[in-house]
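Below is one structure; the comments refer to it alone.
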Amino acid sequence: MKEKKTIIDLRGIIKRFYIGKPNELEILHGIDLKVEEGEFLSIVGASGSGKTTMMNIIGILDRPTEGGYLLDGVDVAHAKDRELSLIRNQKIGFVFQTYNLISRTSALRNVELPMLYGGKPRSERTRRAKELLRLVDMEERMSHNPDELSGGQKQRVAIARAMANDPAIILADEPTGALDSGTGRRIMDLFQKLNREQGKTIILITHSQELAEETRRIVTLKDGAIVGERSGSGC
């Protein structure tokens with residue numbers, strides 16, 4: 001059996017804001033976390049636990065104040081900004097609670113956008129975007145703008161966009177938070193499918209223990225520190 005490699009390796013991650021000022025604030029207090037390729041993992045915690053700060057560091061949207069971070073073997077804690085932008089574009093797909101779609105742009109063009117930044121030719125972008133919209137059952141709505149779509153449809157477009165450059169990792173921040181339970185169920189089923197059939201490493205950031213239970217591993221964050229780890233029913 002092939003040994004799975006570690007794709008995310010956080011070592012002693014500390015994050016402070018307002019450094020050197022009287023109101024200096026430490027949000028993360030020495031986070032150690034390893035994630036294997038192909039894992040479906042949830043990071044769960046109450047509001048203010050440090051989840052968003054941790055997500056921003058995992059997604060290299062922000063840098064740690066101290067500590068090391070290897071993403072697929074690359075030391076991203078000390079990489080240059082240009083290198084980080086390229087890694088973000090190629091290695092990580094983001095799914096947000098608020099969808100973050102471009103409003104006056106069709107679903108098709110929204111999905112094409114990461115590939116445009118990645119330098120892919122237009123014909124390849126269009127072909128891939130249509131393929132991904134079919135995957136998330138949105139092919140019949142590909143010419144519609146976001147304001148013509150329901151919340152669940154917007155989130156499916158957002159997931160297709162996250163998959164555009166075939167990233168190794170999908171980072172989902174409260175992806176069902178703005179949806180009703182039935183629509184949220186479809187979104188979680190889609191994540192399960194991407195993990196099972198395409199081997200995507202999926203990290204779900206959530207305050208919901210119920211959603212976390214559907215992942216294979218649950219990491220609990222409290223006051224900026226990991227206070228527990230256990231298996232979920234998705235294992």
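Of the inter-residue distances, the one linking Arg125 atom CZ with Tyr117 atom OH reads 11.0 Å to the nearest 0.5 angstrom. The distance from the CD atom of Glu174 to the OG atom of Ser208 is 8.0 Å, given to the nearest 0.5 Å. Rounded to the nearest 0.5 angstrom, Leu133 CG and Met163 CE are separated by 12.0 Å. To the nearest 0.5 Å, atoms CD1 (Ile60) and CD1 (Ile92) are separated by 4.5 Å. Here the CD1-CD1 distance, from Ile58 to Ile8, works out to 5.5 Å after rounding to the nearest 0.5 Å. Glu37 CD to Lys200 NZ: the interatomic distance, rounded to the nearest 0.5 Å, is 10.0 Å.
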Please tabulate, one pair per line, all N/O donor-acceptor pairs under 3.5 Å involving side-chain atoms of residues 101-109, not counting sequence neighbours.
| unit_1 | atom_1 | unit_2 | atom_2 | d |
| --- | --- | --- | --- | --- |
| Ser106 | OG | Arg109 | N | 3.1 |
| Arg109 | NH1 | Glu112 | OE1 | 3.4 |
| Arg109 | NH1 | Glu112 | OE2 | 2.6 |

Scan the side chains in residues 175-192 for donor-acceptor partners under 3.5 Å anywhere in the protein, sequence neighbours excluded, and list what turns up.
| unit_1 | atom_1 | unit_2 | atom_2 | d |
| --- | --- | --- | --- | --- |
| Asp180 | OD1 | Gly182 | N | 3.0 |
| Asp180 | OD1 | Thr183 | N | 2.9 |
| Asp180 | OD1 | Thr183 | OG1 | 3.1 |
| Asp180 | OD2 | Thr183 | OG1 | 2.9 |
| Arg185 | NE | Asp189 | OD1 | 3.1 |
| Arg185 | NH1 | Glu214 | OE1 | 3.4 |
| Arg185 | NH1 | Glu214 | OE2 | 2.8 |
| Arg185 | NH2 | Asp189 | OD1 | 2.9 |
| Arg185 | NH2 | Glu214 | OE1 | 2.7 |
| Gln192 | NE2 | Glu214 | O | 2.9 |

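Atom NZ of Lys120 sits in a crowded spot, with more than 12 heavy atoms from other residues, nucleotides or ligands closer than 6.0 Å.
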Q: Run the numbers on Leu211 and Thr206 for side chain to side chain contact (heavy atoms under 4.5 Å, CB included), then give the verdict.
A: CA-CA 7 Å; Leu211 281 185; Thr206 184; 4.0 Å; yes
Q: Applying side chain to side chain contact (heavy atoms under 4.5 Å, CB included), run through Ile218 and Thr215 and close with a yes or a no.
A: CA-CA 7 Å; Ile218 303 167; Thr215 66; 3.9 Å; yes
**Q.** Candidate pair Arg63 and Asp81, rule salt bridge (charged side-chain N to carboxylate O under 4.0 Å, His left out), full reasoning
**A.** CA-CA 10 Å; Arg63 292 177 185 265; Asp81 287 344; 2.9 Å; yes
Q. Could you go step by step and tell me if Met54 and Leu10 meet the side chain to side chain contact (heavy atoms under 4.5 Å, CB included) rule?
A. CA-CA 10 Å; Met54 190 167 167; Leu10 303 176; 4.2 Å; yes
Q. Would Val227 and Leu221 count as a side chain to side chain contact (heavy atoms under 4.5 Å, CB included) if you check the C-alpha gap in whole Å, the side-chain angles of each, and the deciding distance to 0.1 Å?
A. CA-CA 6 Å; Val227 295; Leu221 202 62; over 6 Å; no
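Every residue meeting the ring pair (Phe, Tyr, Trp, His ring centres under 6.0 Å) condition with Phe96, not counting sequence neighbours, appears here in chain and number order: Phe94. Taking Lys80 as the reference, nothing meets the salt bridge (charged side-chain N to carboxylate O under 4.0 Å, His left out) condition, with sequence neighbours excluded.
Minimum heavy-atom separation, Ile57 to Pro64: CD1-CA, 4.0 Å. Heavy atoms only, all atoms of each residue included: Ser42 and Ala212 are closest at OG-CB, 3.4 Å. Across all their heavy atoms, Pro146 and Asn110 have their closest contact at CG-ND2, 4.0 Å.
Between the side chain of His29 and the backbone N or O of Asp223 there is at least one donor-acceptor pair closer than 3.5 Å. Under the 3.5 Å distance criterion, the side-chain polar atoms of Arg156 are matched with a main-chain donor or acceptor of Val136. Not a single donor-acceptor pair under 3.5 Å links the side chain of Asp173 to the backbone N or O of Gln97. Proximity of a side-chain donor or acceptor of Gln153 to a complementary backbone N or O of Ser150 within less than 3.5 Å is detected. Within the 3.5 Å criterion, the main-chain N or O of Val157 finds no donor-acceptor partner in the side chain of Arg141.
Note on Val74: it clusters hydrophobically with Val35, by side-chain heavy-atom contacts below 4.5 Å among ILVMFWY residues. Note on Val44: it does not cluster hydrophobically with Ile202, by side-chain heavy-atom contacts below 4.5 Å among ILVMFWY residues. Taking hydrophobic clusters as Ile, Leu, Val, Met, Phe, Trp and Tyr residues chained together by side-chain heavy-atom distances below 4.5 Å, Leu194 does not share a cluster with Ile43. Hydrophobic clustering keeps Leu86 apart from Tyr69 (ILVMFWY residues linked when any side-chain heavy atoms are closer than 4.5 Å, directly or through intermediates). Ile27 and Ile14 end up in different hydrophobic clusters when Ile, Leu, Val, Met, Phe, Trp and Tyr side chains are linked at under 4.5 Å.
Checked for salt-bridge contact, Lys154 and Glu148 miss the test: no charged N lies under 4.0 Å from a carboxylate O. Salt-bridge annotation for Arg217 and Glu39: present, with a side-chain N of the basic residue lying under 4.0 Å from a carboxylate O of the acidic one. Under 4.0 Å is where a charged nitrogen must lie from a carboxylate oxygen, and between Glu131 and Arg127 at least one such pair does.
Each salt bridge (Lys or Arg N to Asp or Glu O under 4.0 Å) pair with one or both residues in residues 8-30, not counting sequence neighbours, appears once here: Asp9-Arg11, Lys15-Asp62, Arg16-Glu24, Arg16-Glu26, Arg16-Glu66. Annotation: side chain to side chain donor-acceptor pair (under 3.5 Å) contacts involving residues 43-61, sequence neighbours excluded, are absent.
Put simply, the side chain of Thr201 does not reach to within 4.5 Å of the side chain of Glu36, judged on heavy atoms. A 4.5 Å side-chain heavy-atom check between Ile7 and Ile169 finds at least one atom pair inside the cut-off. Between Leu204 and Leu171 there is no side-chain heavy-atom pair separated by less than 4.5 Å. Side chains of Met142 and Thr126 form no contact here, defined as non-hydrogen atoms less than 4.5 Å apart. Residues Val219 and Ile226 have side chains in contact (heavy-atom distance under 4.5 Å, counting atoms from C-beta outward).
Using modelled atom types, one finds no donor on one side chain facing an acceptor on the other under 3.5 Å when comparing Lys91 with Asn165.
Here the rule is side-chain contact (heavy atoms from CB on, under 4.5 Å) with Arg161, and of Asn100, Val95, Leu132 only Asn100 fits it.
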